[in-house]
Amino acid sequence: QVQVVESGGGLVQAGGSLRLSCTASGLTFDDYVTAWFRQAPGKEREGVSCINWSGALTYYTNSVKGRFTISRDNAKNTLYLQMNSLKPEDTAMYYCAVGRWAYWRRTLTPRDMDYWGKGTLVTISS
């Protein structure tokens with residue numbers, strides 16, 4: 001049984017930093033592309049960032065480029081998202097997802113992913 005579990009969310013002031021983590025079990029982790037999505041109240045779920053099987057290739061949505069860094073540790077079955085210079089508009093539930101992609105692509109939508117965590121809440125105060 002596949003399980004995906006996020007952690008690291010919380011409340012921080014604008015300009016601060018948070019590091020999200022995600023562990024996946026019940027699968028061969030380095031067979032999967034891994035990604036972070038977020039969903040703010042009343043908005044659609046959006047792809048924030050993803051990283052390929054080896055960690056060599058990454059994608060970021062424009063609004064987080066230069067502020068967020070995605071990384072993974074395949075030995076630990078863990079995905080990370082380092083978030084710096086946080087803004088109130090980053091407030092959302094953040095979800096970790098894994099997808100068995102046949103090839104790398106620089107687009108990211110929810111339907112691209114196979115397994116999801118339940119999310120961790122990130123709140124940025126102004």
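Every heavy atom of this structure was used, including side-chain atoms; hydrogens, water molecules and symmetry mates were not.
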In sequence, state the C-alpha distance, the side-chain angles, and the governing distance for T109 and T107, and then conclude on side-chain contact (heavy atoms from CB on, under 4.5 Å). CA-CA 7 Å; T109 64; T107 58; 5.6 Å; no

May I have the step-by-step check of side-chain contact (heavy atoms from CB on, under 4.5 Å) for V48 and Y60, ending in yes or no? CA-CA 6 Å; V48 174; Y60 297 94; 5.9 Å; no

Apply side-chain contact (heavy atoms from CB on, under 4.5 Å) to residues V122 and M83 and explain how you reach the verdict. CA-CA 10 Å; V122 172; M83 305 187 295; 3.9 Å; yes

What pairs of donor and acceptor atoms, side-chain ones from residues 70-81 against any protein atom, are under 3.5 angstrom apart with sequence neighbours left out?
residue : atom : partner : partner atom : Å
R72     : NE   : N74     : OD1          : 2.8
R72     : NH1  : Y32     : O            : 2.9
R72     : NH1  : T34     : OG1          : 3.2
R72     : NH1  : N52     : O            : 2.9
R72     : NH2  : F29     : O            : 3.0
R72     : NH2  : Y32     : O            : 3.1
R72     : NH2  : N74     : OD1          : 3.1
D73     : OD1  : A75     : N            : 3.0
D73     : OD1  : K76     : N            : 3.3
N74     : ND2  : W53     : O            : 3.0
N77     : ND2  : A24     : O            : 3.1
T78     : OG1  : K76     : O            : 2.7

Distance-only criterion, 3.5 Å: show the donor-acceptor pairs between side-chain atoms of residues 5-21 and protein atoms not counting sequence neighbours.
residue : atom : partner : partner atom : Å
E6      : OE1  : K118    : N            : 3.2
E6      : OE1  : G119    : N            : 2.9
E6      : OE2  : C96     : N            : 2.8
E6      : OE2  : G119    : N            : 3.2
S17     : OG   : N84     : OD1          : 2.9

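For T61, the side chain to side chain contact (heavy atoms under 4.5 Å, CB included) criterion is met by E46, Y59, S63, V64, not counting sequence neighbours. Residues passing the side-chain hydrogen bond (donor to acceptor under 3.5 Å, both in side chains) test with Y94, sequence neighbours excluded: R38. Remark: Q39 pairs with R45 by the side-chain hydrogen bond (donor to acceptor under 3.5 Å, both in side chains) rule, at least two apart or across chains. In this structure, the side chain to side chain contact (heavy atoms under 4.5 Å, CB included) partners of A97, at least two apart in sequence or on a different chain, are F37, M113, W116.
Sorted by first and then second residue, the salt bridge (charged side-chain N to carboxylate O under 4.0 Å, His left out) pairs involving residues 101-112 (not counting sequence neighbours) are R105-D112. Among residue pairs with one or both ends in residues 51-68, those qualifying as salt bridge (charged side-chain N to carboxylate O under 4.0 Å, His left out) are R67-D90; sequence neighbours excluded. Residue pairs meeting the disulfide bond (SG atoms under 2.5 Å apart) criterion with at least one member in residues 23-66, sequence neighbours excluded, do not occur. Applying the salt bridge (charged side-chain N to carboxylate O under 4.0 Å, His left out) test to pairs two or more places apart or on separate chains, those with a residue in residues 22-32 are D31-R100.
Going from atom CG of L121 over to atom OG1 of T91 covers 8.0 Å, rounded to the nearest 0.5 Å.
When all heavy atoms of V33 and I51 are compared, the closest pair comes out as CG1-O, 3.4 Å.
Looking at P110 and Y95, their side chains never come closer than 4.5 Å, going by heavy atoms from C-beta outward.
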